[in-house]
Amino acid sequence: MDASGSTDAAQRIFAAIRAIPVGEVAGYGEVARRAGLPGRARLVARLLSTSLEPGLPWHRVCRSDGRIAFPQGSHGFDEQCARLRREGATVVGGRVVGRRARAATLDEALWGPPA
DNA sequence: CGCCTGACCACGT
DNA sequence: CACGTGGCCAGGC
């Protein structure tokens with residue numbers, strides 16, 4: 001690792017997460033892809049679980065289907081849910097519902113929808 | 001050095 | 001929509 005204490009991959013992932021617009025959510029895989037690390041979704045998850053950075057909008061990161069990664073009722077779930085709502089998003093049944101989180105399955109529907 | 005686990009993802013049934 | 005399977009990478013034991 002470098003002198004900053006984190007690997008380049010980690011830095012890119014953090015940058016990708018910070019790049020998520022307020023009120024929107026991105027899947028782990030999508031974040032990894034944007035960070036230039038396709039297929040490293042698990043790396044993103046592990047990063048958030050171990051080396052969370054202060055000021056990082058981790059609450060904007062959820063599963064590919066728009067669901068919060070934590071089990072309903074957990075502290076993490078509650079925290080993420082509250083933060084998302086504060087940003088204007090809506091959470092129902094552990095699912096993030098913005099104007100469109102109705103993605104059938106793919107992240108494409110979540111990030112690249114035709115107006 | 002090998003095995004198990006994990007804030008995951010996609011596909012097929 | 002639920003379940004099972006394979007793949008991916010990194011860390012802990």
Side-chain angles (χ1 to χ4, degrees):
Chain A
M1 64 168 73
D2 55 27
S4 57
S6 301
T7 54
D8 295 322
Q11 298 298 321
R12 282 186 240 174
I13 290 170
F14 289 137
I17 294 174
R18 287 196 192 104
I20 301 173
V22 177
E24 286 287 326
V25 294
Y28 294 89
E30 191 56 35
V31 170
R33 196 174 280 223
R34 283 177 152 207
L37 303 164
R40 314 297 182 264
R42 294 190 97 164
L43 180 59
V44 177
R46 208 190 67 73
L47 208 56
L48 294 180
S49 66
T50 64
S51 300
L52 243 187
E53 288 280 314
L56 188 76
W58 59 270
H59 52 271
R60 291 181 196 153
V61 186
C62 54
R63 289 207 197 184
S64 56
D65 46 349
R67 283 202 160 221
I68 293 180
F70 291 107
Q72 201 164 12
S74 291
H75 176 70
F77 179 94
D78 179 47
E79 186 72 51
Q80 184 164 10
C81 177
R83 285 178 175 228
L84 286 171
R85 283 189 193 159
R86 198 182 303 168
E87 295 193 342
T90 306
V91 183
V92 180
R95 196 190 228 143
V96 181
V97 182
R99 219 165 124 163
R100 58 160 152 96
R102 290 263 181 187
T105 46
L106 257 282
D107 38 298
E108 295 177 3
L110 192 65
W111 283 97

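Just so we're on the same page: letters track the sequence lines, and every chain starts at 1.
Here Arg83(A) pairs with Glu79(A) under the salt bridge (Lys or Arg N to Asp or Glu O under 4.0 Å) rule; sequence neighbours left out. In this view, Glu87(A) and Val22(A), His59(A), Arg60(A) satisfy the side chain to side chain contact (heavy atoms under 4.5 Å, CB included) rule, not counting sequence neighbours. Not counting sequence neighbours, the partners of Ala16(A) by the side chain to side chain contact (heavy atoms under 4.5 Å, CB included) test are Val31(A), Arg34(A), Ala35(A). Considering only residues two or more places apart in sequence or on other chains, Arg42(A) meets the side chain to side chain contact (heavy atoms under 4.5 Å, CB included) condition with none of them. Shown here are the salt bridge (Lys or Arg N to Asp or Glu O under 4.0 Å) partners of Arg40(A), two or more places apart in sequence or in another chain: there are none.
Residue Asp65(A) contributes atom CG, which lies 14 Å from atom P of dC3(C) at whole-angstrom precision. A straight line from CZ of Phe14(A) to C1' of dA7(B) spans 13 Å, rounded to a whole angstrom. Taking atom CD of residue Gln72(A) and atom P of nucleotide dA7(B), one finds them 17 Å apart after rounding to whole Å. Between the CZ atom of Arg95(A) and the P atom of dA7(B) there is a distance of 21 Å, given to the nearest Å. Atom CD1 in Ile13(A) sits roughly 12 Å away from atom C1' in dC8(B) (whole-Å rounding). Atom C1' of nucleotide dG7(C) and atom OH of Tyr28(A) are separated by 19 Å, given to the nearest angstrom. Across the protein-nucleic acid pair, Trp58(A) atom CH2 and dC8(B) atom P stand 13 Å apart, rounded to whole Å.
DNA chain C is contacted by Arg40(A), Arg42(A), Leu43(A), Arg46(A) of residues 40-50 of chain A, taking any non-hydrogen atom closer than 4.0 Å.
Between dA7(B) and dG7(C), the distance separating the two P atoms is 22 Å to the nearest Å.
Residue contacts shown for Gly76(A) are absent, as no nucleic acid heavy atom lies under 4.0 Å away.
A distance of 12.0 Å separates CD1 in Ile13(A) from CZ in Arg18(A), rounded to the nearest 0.5 Å.
Checked against dA7(B), dC8(B), dA10(B), the side chain of Phe70(A) finds its nearest nucleotide in dA7(B).
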